[in-house]
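Side chains are part of it too, since the values below use all heavy atoms of this structure and drop only hydrogens, waters and symmetry mates.
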Amino acid sequence: MAELAAVVGIGQTKYQTKHKTVSIAGLVRDAALKALQDAELTWDDIDAVIVGKAPDMFEGMIMPELYLTDALGCNGKPMLRVHTAGSVGGSTAIVAASYVQSGMFKRILTVTYEKQSESNAMWALSNAQPFSVHLNAGAGGFFAPIIREYMRRTKAPSDAGIKVAVKDRLHGARNPLAHLQLPNITMKEVEESPMLWEPLRFLESCPSSDGACAMVIANEELAAQSPKKPAWIRGAAMRSEPTMYAGREEVSPQAGIDCAKDVYAQAGISNPRKDLDCAEVYVPFSWYEPMWLENLGFAEKGEGWKLTLEGATSLDDKGDIPWNCSGGVLCSNPIGASGMIRFAEAARQVRGDAGNHQVDGAKLALGHAYGGGAQFYAMWVVGSEKA
Amino acid sequence: MSDANKEALEPITGIESPVYLDYNFTAGQATARYLTKVKEGKLVGQRCPSCRNVYIPPRGACAACGVATTEEVELSNKATVQSFTIVHIPIPGNPIKPPYVIANLVPDGANISFLHLLSECKNEDVRIGMRVEAQWKDASEWTYAMENIKYFTPIDEPDVPAEEIGRLKDA
Amino acid sequence: MSAQAEVLQQAFTLGYTYTRTTGPVVGRFLTALRDRKIVGIKGSDGKVIVPPMEYDPVTAEELSEFVDLPDTGVVKTWAWVKHPRGKHLLDKPFAWAQIQIDGSDIPMIHMVDAGDESKMSTGMKVKVRWADETKGFITDIACFEPA
Amino acid sequence: MRDIAIVSFVQSDCVRDAGALNEVELIMPVIRKVLDNVGIQSAQDVDFTCSGSCDYLQGAAFAFVLGVDALGAVPPIKESHVEMDAAWALYEAVLKIRMGQADSALLYGFGKSSPGELPIVLSQQLDPYYLSPLWLDTVSSAALQARALLDSGKATEADMAEVVARSRKNAKSNPHAQLKGDVSVDELLAEPTYLSPLRKHDCCPISDGASAMIIATVEKAKEWGKPYAVLKGIDHRIESHHFGARDLTRSVSTEIAAKAAGVADGPVEVAEIYAPFSHQEIILKKALGLGDDTVINPSGGVLAGNQMMASGLSRVGEVANRIIKGEIKRGVAHATSGHALQQNLVAVLEGA
């Protein structure tokens, strides 16, 4: 029943610690304009704008879309703002696609961003109200014990996390937009980097970045007229579960499993490792690659780390299912945009437009985002063909 | 011209913008009840009327069932380490000096963990399944805060097998 | 069911001093303020906008043609703050006003220190009262005052 | 396109301070009631859930995350959130149903504005270089707009007082209203100004609360066997953030949205307008193209109680409930966001 929709334009800023020469509007505009240029369109060709970002406290601006409308050519048009924690970049892309898939709009622009250098993300995320009943140890303090439990269950060697840290940085070195550029990184260097939240080391964690990512999404008719190859949206799904409840499976949350099943069913995928050519998956801490390999059905339970160590997910090792060819969140993390970057990078692959991190002949790719305490998920599958 | 003056003539490229907002926060009913008991030196969870699981700290609802929780259950000072991390970096707003151990602890009688400090043991001795006990500050220092418990310390009881700890059970 | 717990209340401040980068347009305006000057920017239709917008509100074009302006203007609309709030920058009754800087078309919002509501009227002329020390911030304009 | 049925709407009482109720405790009762109205158990029984809220109201990042605790989201549900009034959550759900990914949806909005100084908190909605450092609060920006309207001759202070008197009178029949009663235009005009030209009563009160709604395809509503109102049209638009670039005496974005939603395609018996300040009702009535035969804000509108982040959804719900009860056949609802009506949503509802 849904109208077909496709990504026809992608724009990204460079990801870096601090974008010093732009305002917040300027940062967002840069990505949006590049997406328009990629689609060979102008502001007048856009019917609506969908903005996503993580908490307003990062930049200390409430509902910043109200201010961004002028920079995004949105005056007189619909503007919607999505916020679903760290998964927001992915959720925003899905909501944006629904503007077109509903048949109500022909072509829309969607933008996500974070200008984390305006504050301190750790402060914004861990700012506690009075009467807080939980000890505050930052995001790593939340995720490290879950990683430890994964290691206990699977008996994975610590090499697996280190391997991901190296692999994604080597991928990132192929991507000029990636924040961290570490072309000579070694396992030893990661292993010797400072421990932050044991078992997580500094180089096994994501950076804090400024950046924005935008996409133009069009309906079937307009996508067919698009100058560059469209990335057809073959499936999109979101799932949420409560943050804390008795019996919650935190290592491999049910919401992630269900979301993947849903999106695979829509895209006709029965074996993700075989059927997909590559994946861009939200991996902010190295160990989340093996954990998500299992959660997303690329590996049997307890076996995810083996794929990683075998090099199955590495472009440089010529793996069969490269993950995060762009360098992923471990290289660039403007939180509000990170999910959309995954979705956009998946689209770049199936458009054959991923430059030096292109997977040869990629036809079907997964974009994945998660947020909060890993209770919010957004995923899409994009293809070079409509079906 | 002094260096300071030279610098002052550079074009403006950045500003500092203080955004400070004042709130008068009121704790929710569940939290208020919980912290009122904590002030009395007790850990009191709430049981879900539907799935019977016991929540600590109570949040006013069983998130799994989406129903309000009211039945109170006093819990033991003893708990089991469900998982943990050793924190090596300073956290904004957290005064404790690293490195220190924070653990997901499931108090006896509860079906969910909370984070608290673990101390009086070697960091490398901490393990999943380890039995620990709350060390409360002197009663004269008790307020409406989890800091009434200084930290948890190991006790001489056999470890609990990981799969029996309750929450992080194998799927 | 237990006895009613106490109501727990506590004041707290949510705050951060954000370090913003301005980009060329906002930066140019703030740099001018530091020099006790006002600049506007020409919109796509040639109308002069103050404070300068980075992008045209109608065409969304990137704007770049700056216009030097005087520090005087005319009140287009105003509101009288009888009881300033704690965060307000003037601690005595003052007016908010949309002020069309002479030589511009699109007015800006700032404060007017007129002493008394009866001194305020739409169409009145005002001029900038500069801060004692300017630093490249919107508050370099301490406020406007009747001219 | 698939018609959307609004099957159930519930809101909590507007109270100045919900005190010792956290987000979950605020939301849960309205969720329970809205589900009971339809005869379903939890969010598991709808295909999609979406909410609207604002972290800064209560001053905590990810305030909305707690809302999920009220839903019974195990097993996991399809869920989303807008950092906007829940009227836009409704819009997102409409897209989901129209594209065929859902046949039903649960929507809710909640706000606990009491902990902060709301008008000052909302000053930080403004651009971060020119205006938010001046702490231009929402009452002040509305007052600038009111003066512009008065100066233009499009309204008088008596017109504004008339809006307030009608709101207070209508609110007498609204059990959720915070401000209600009989007061004359003359009495109101005799009050001193508060933030001239606004008087205190021209401004909405600050309220804590939540509201929730269930929508579905018409087929699903029939399957549930519940009466419903049909959402015939819905559209939302934004305009420039620069006050000076807008004509503050008009609401151009509302005019466009009203046209796109089809307000003029039939008689409008009732309009529920989200006008936090009395003069804005006058601007919006014109922008919506409503005549004097339309009953405006029979609930009292937000001048009688304004649950930030829920009020827009509640406007739609108020109209829906009147249609469901058979009181009217066609009505219009409006929601707004930002200072001085920068962003607006318009919905047209009809009987089944």
Note to self: Minimum heavy-atom separation for D:Q101 and A:A236, please, with both atom names.
What the structure shows: NE2-O, 3.3 Å
Notebook entry, point to check: Where do A:L66 and D:G338 come nearest, in terms of heavy atoms and distance?
Noted result: CD1-CA, 3.7 Å
Check: So do A:M57 and D:Y56 actually touch side chain to side chain, heavy atoms under 4.5 Å?
Finding: yes
Item checked: Pairwise side-chain contact, D:L95 with A:M104, heavy-atom cut-off 4.5 Å (strictly under) -> yes
For [X], is it the side chain, the backbone, both or neither that has a heavy atom under 4.5 Å from a heavy atom of chain D?
X	answer
A:Y377	neither
A:T92	neither
A:D70	side chain
A:E59	neither
A:A237	neither
A:I24	both
A:T69	side chain

Check: So which residues of residues 239-248 of chain D are in contact with chain A at a heavy-atom cut-off of under 4.5 Å?
Finding: D:E239, D:S240, D:H241, D:H242
Check: So, D:Y91 versus A:Y99, ring centres under 6.0 angstrom or not?
Finding: yes
Notebook entry, point to check: What residue in D:S132, D:G72, D:P128, D:A257 has the most heavy-atom pairs under 4.5 Å with chain A?
Noted result: D:P128
Next item on the list: Given side chain to side chain contact (heavy atoms under 4.5 Å, CB included), test A:M63 with D:Q343 step by step and report yes or no.
Entry: CA-CA 11 Å; A:M63 303 177 191; D:Q343 187 177 22; over 6 Å; no
Engaged part of [X] at the chain A interface, taking heavy atoms whose separation is under 4.5 Å:
X	result
D:F48	neither
D:S123	neither
D:S80	both
D:I256	side chain

Margin query: Under a 4.5 Å cutoff for heavy-atom pairs, which residue among A:A48, A:A255, A:S98 has the most contacts with chain D?
Written below: A:S98
Check: What option among A:M79, A:M61, A:Q375, A:E241 has the most heavy-atom pairs under 4.5 Å with chain D?
Finding: A:M79
